[in-house]
There are 2 protein chains.
Amino acid sequence: MIHQRECPIETVIHVLGGKWKPMILWHLMESTKRYNDLEKLIPDVSQKMLTQHLRDLEQEGVIERTVYPTVPPKVEYSLSEYGRTLIPVAEVLCAWGENHNERKQEEPAS
Amino acid sequence: MIHQRECPIETVIHVLGGKWKPMILWHLMESTKRYNDLEKLIPDVSQKMLTQHLRDLEQEGVIERTVYPTVPPKVEYSLSEYGRTLIPVAEVLCAWGENHNERKQEEPAS
DNA sequence: TCACTCCCTTACTTTTAAGTATGTACCGTA
DNA sequence: TACGGTACATACTTAAAAGTAAGGGAGTGA
């Protein structure tokens, strides 16, 4: 499992590339969110996938998980210092993606 | 199937996100390549996946396929004009990915 | 006539990702 | 005693991506 990823692009795709990860990050880039908030903001995600993707992102170091030992429990997720380095990357991706979507709309048949 | 992709980041991941697509594009960013060249440059890819990914990339408009009706046939793949707009995107991704890989090497246990 | 090269195609199997459904710990309140 | 709210975990199922193996057409050289 400790395999050096060949191409750094694949690394990024691995970090961002779950079905819901871009959307999770998108919301966390705006502000810290609780687990419940994310569930509401991303209505179609299942609890399993939300938790799993949050764990993945935490493990990659891009988000932080803070537990408040209250009752009922409160868990906050936020972009880490390091995770903020993703913001300019996300902007570049967004720009290209938006442009690409427009392009595809214009010429559905090539 | 004509569903507006919600997040433009997902669009990019869709375009770049096959197992071999980043490597294919990497090689085509350097220069035009024949099918055979790509097979040799990417030893572990199967013919099926290579063909399929080339078709995908062609359909997205980022690469061009040129057939020379010679015998034996000759097929060249190259980055399209539009595909070249991916180069700066790839550079940003590479930079972040490389940094991330280094980071992971330094602190395998967090 | 047979083999060879190039660029695939197709059918089938395996692996990986995602979805669904249910259960749990905590404690305070009714 | 049962119930509610938060943030999960676990087992099982389905769907999507990738891998494997075999074949094919078209012309050329032996």
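Computed from a predicted structure; not experimentally measured. Just so we're on the same page: letters track the sequence lines, and every chain starts at 1.
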Trainee: Tell me yes or no: between the side chains of B:Y35 and B:T51, is some donor less than 3.5 Å from an acceptor?
Mentor: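 Yes, because at least one side-chain N or O of B:Y35 sits under 3.5 Å from a partner of the opposite role on B:T51.
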
Trainee: Once you round it to whole Å, what is the distance between P of C:dT9 and NZ of B:K48?
Mentor: 12 Å

Trainee: In this structure, how many angstroms lie between the P atom of D:dA18 and the CD1 atom of B:I24, rounded?
Mentor: 11 Å

Trainee: Rounded off to whole Å, could you give me the CG-to-C1' distance for the B:L50 and D:dA17 pair?
Mentor: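 In whole Å, D:dA17 C1' and B:L50 CG are 16 Å from each other.
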
Trainee: Calculate the interatomic distance between A:M49 atom CE and C:dT16 atom P; express it in whole Å.
Mentor: 15 Å

Trainee: Heavy-atom count around B:Q59 CD within 6.0 Å, excluding the residue itself: above 12?
Mentor: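 Counting other residues, nucleotides and ligands, CD of B:Q59 stays at 12 neighbours or fewer.
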
Trainee: May I have the distance from A:Q52 (atom CD) to C:dA18 (atom C1'), rounded to whole angstrom?
Mentor: 8 Å

Trainee: Between A:E60 and B:K104, is there a side-chain N and carboxylate O pair less than 4.0 Å apart?
Mentor: yes

Trainee: Does the side chain of B:R34 get closer than 4.0 angstrom to OP1 or OP2 of C:dC6 through an N or O atom?
Mentor: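 No.
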
Trainee: Between D:dA18, C:dT9, D:dC8, which nucleotide gets closest to the side-chain atoms of B:R55?
Mentor: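 Side chain of B:R55 sits closest to C:dT9.
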
Trainee: Choose from D:dT20, C:dT22, C:dC26 the nucleotide whose nearest atom is closest to any side-chain atom of A:Q47.
Mentor: C:dT22

Trainee: Heavy atoms under 4.0 Å, any strand shown: does A:Y68 hit a base, just sugar-phosphate, or nothing?
Mentor: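 No contact at all - A:Y68 keeps every heavy atom at 4.0 Å or more from the nucleic acid.
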
Trainee: With the side chain of B:T51 defined as its heavy atoms from C-beta on, choose the nearest nucleotide among D:dG19, C:dT9, D:dG5.
Mentor: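 Looking only at side-chain atoms, B:T51 lies closest to C:dT9.
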
Trainee: Base, sugar-phosphate alone, or nothing: which one does B:S46 contact when heavy atoms must sit under 4.0 Å apart?
Mentor: base

Trainee: Checking contacts here: which listed nucleotide (D:dG19, D:dA7, C:dC6) is nearest the side-chain heavy atoms of A:V75?
Mentor: D:dA7

Trainee: Indicate whether OP1 or OP2 belonging to D:dG5 is found under 4.0 Å from a side-chain N or O atom of A:N36.
Mentor: no

Trainee: In terms of side-chain heavy atoms of A:Y35, which of D:dG5, C:dC7, D:dA7 is nearest?
Mentor: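 Nearest to the side-chain atoms of A:Y35, counting from C-beta on, is D:dA7.
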
Trainee: Measuring to OP1 and OP2 of C:dA18, would you say a side-chain N or O of A:H53 lies under 4.0 angstrom away?
Mentor: yes

